[in-house]
There are 2 protein chains.
Amino acid sequence: MSPRRSVADTRRTRASILARGLDLASVEGLEGLTIGRLAADLSMSKSGVLGHFGTKEGLQLAVVDEAVALFAREVVDRSEAAGAAPGLPLLLAQCEAWVSYLERDLLPGGCFFTTVTAEFDDRGPGPVRTAVAARNALWQRRVRQQVELAVAAGELPAGTEPEQTVFELTGQVLALNHARRLYGDRGAAGRTRRAMRRLLGLPVPEDGAAAVLAVLPAPPDRD
Amino acid sequence: MSPRRSVADTRRTRASILARGLDLASVEGLEGLTIGRLAADLSMSKSGVLGHFGTKEGLQLAVVDEAVALFAREVVDRSEAAGAAPGLPLLLAQCEAWVSYLERDLLPGGCFFTTVTAEFDDRGPGPVRTAVAARNALWQRRVRQQVELAVAAGELPAGTEPEQTVFELTGQVLALNHARRLYGDRGAAGRTRRAMRRLLGLPVPEDGAAAVLAVLPAPPDRD
DNA sequence: CCTACCGATCGGTAGG
DNA sequence: CCTACCGATCGGTAGG
């Protein structure tokens, strides 16, 4: 009487499609993520894959959700789990988690959001673009809040403009992804940490010394 | 006796394909640039388009060359045409031309190299990726030379690390492209100029005041 | 530069 | 979850 595939089986299949889809999309982009390729990689039929999401756009949005969950786990939660006080300490924990997330190459194509932003930023408005822009904006707001608290607490200079600071921090993260993906530059994470310390007005270690921003808990287990 | 299409006609057709192809590729990427779409836009047959380049990869490489020529004209040549002295003055002219190139939205998809780098940086080695990486490396070397000259001349602090400085300047340009394309942020160019001045240790104007880096000649006519 | 094709692959549907 | 399709589009070729 029980169905051939249980609810748990269905959930597992869906999860395996999304895991593979996220890997593929980080390299090929969300348009390059084709249903046929995904089905072949998973030894499934195309309709078996598509049945979980209805349309390709449904699949794309589910993959975006998967990427949002990964970023939340590895960057947002991890920076908060460090137990740093609001203001400059939490800001530094956020920056360290952000850099660490890229440095560890969690996805084969580097930062999913960078790949997809470059792919969709010139397209007309649509749900995929909206979802990606909203996630970016949310994270930048979180970082800006800590800059504001740090300025109010006198931990950063009084003239600091929070919006400008977040803009500059973001740029150094983009430079990290760029240098790592295009040139395989393994020293890029260190350069980003140094740049972040300097633009926040913190002392920068001598040339060659590591510029750790904050001590974080061990990263969560993958999958 | 004369051929139906002269050499000049052929060259004009080729130029019109490349102009349209560069526009399309800046938005859709070099894979999204399809021969059929290009042919339809130009009211040509697919084989008419392909005849000029042999294969799609040939077309992609020709479009990359076109983008290199645009960057050379608008950024490299223009920063040198300002007549600035080697060292800090020329470095500032380079930065201003670089920002201005993005600020003026010369291509509908923003910086061609940013789009294509994100698209190809995770692909295996190939001629397109190699050509793009080489152009990036060439420009960064040019900028680094001026940083080195500026340090030697005492125009920048003695402890300045040129490689690190170029990395940070690049990041601010990436942040500009990102903010402009994803959020339509029209103030991003100003933020990049302020960030560049600050990371070079130059005085930054009060909030709201324009932070011009250098005065450049009028941009060359397009096409 | 064209028409007229080719095999492969795309997203998606019908029906089970 | 499958097989068996559909029309559209892909890059590319033959022949003129």
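Numbers restart at 1 for each chain; the letters A, B, ... are given by sequence-line order, proteins then strands.
- B:L33 places its CG atom 15 Å from the C1' atom of D:dT9, with the value rounded to the nearest Å.
- Listed nucleotides: D:dG11, D:dC2, C:dG11. Nearest to the side chain of A:I35: C:dG11.
- Regarding B:R14, its CZ atom lies at a distance of 12 Å from the P atom of C:dC1, rounded to whole Å.
- When side chains are defined from C-beta on, A:R191 does not count as touching A:L176, because their heavy atoms never get closer than 4.5 Å.
- Between B:E103 and B:R186, no side-chain nitrogen of the basic residue sits less than 4.0 Å from a carboxylate oxygen of the acidic one, so the salt-bridge criterion is not met.
- Taking atom CG of A:L50 as the reference point, atom C1' of C:dA14 lies 13 Å away to the nearest angstrom.
- Test B:R144, B:Q146, B:Q145 against B:E148 for side-chain hydrogen bond (donor to acceptor under 3.5 Å, both in side chains) and you get one pass: B:R144.
- Within the structure, every pair that satisfies the salt bridge (charged side-chain N to carboxylate O under 4.0 Å, His left out) test and touches residues 41-55 of chain A, not counting sequence neighbours, is listed here: A:R20-A:D41, A:R37-A:D41.
- Taking the side chain as every heavy atom from C-beta outward, B:L174 and A:N177 never approach each other to under 4.5 Å.
- Atom CD of A:E28 is separated from atom P of C:dC10 by 11 Å (rounded to the nearest Å).
- In this structure, A:L42 places its CG atom 16 Å from C1' of D:dC2, rounding to the nearest Å.
- Looking at B:Q172 and B:E168, their side chains never bring a donor and an acceptor atom within 3.5 Å of each other.
- Spacing between atom CZ of A:R12 and atom P of D:dC1 amounts to 11 Å, rounded to whole angstrom units.
- In this structure, the nucleotide among C:dC1, D:dC2, C:dG11 sitting nearest to the side chain of B:M44 is C:dC1.
- Checking C:dG11, C:dC2, D:dC2 against the side-chain heavy atoms of B:S45 singles out C:dC2 as nearest.
- Considering only the side chain of B:T13, C:dC1 comes nearest among C:dC1, C:dG12, D:dG11.
- Mapping A:H52 and A:K46 onto DNA chain D by nearest heavy atom places A:H52 at the nucleotide closer to the 5' end.
- Here the nucleotide nearest the side chain of A:T34, chosen from C:dC10, D:dC1, C:dT13, is C:dC10.
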ask   = How does DNA chain C look in dot-bracket form if you count Watson-Crick and G-U pairs under 3.5 Å, write [ ] for pairs that cross, and put | where a base pairs with another strand?
value = ||||||||||||||||

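- Following rounding to the nearest Å, A:E31 (CD) and C:dT9 (C1') show an atom-to-atom distance of 15 Å.
- Going from atom NZ of B:K56 over to atom P of C:dT9 covers 15 Å, rounded to whole Å.
- A side-chain N or O of A:R78 and one of A:S100 form a donor-acceptor pair less than 3.5 Å apart.
- When distances are taken from the side chain of A:S47 to each of C:dC1, C:dT13, D:dC1, the shortest belongs to C:dT13.
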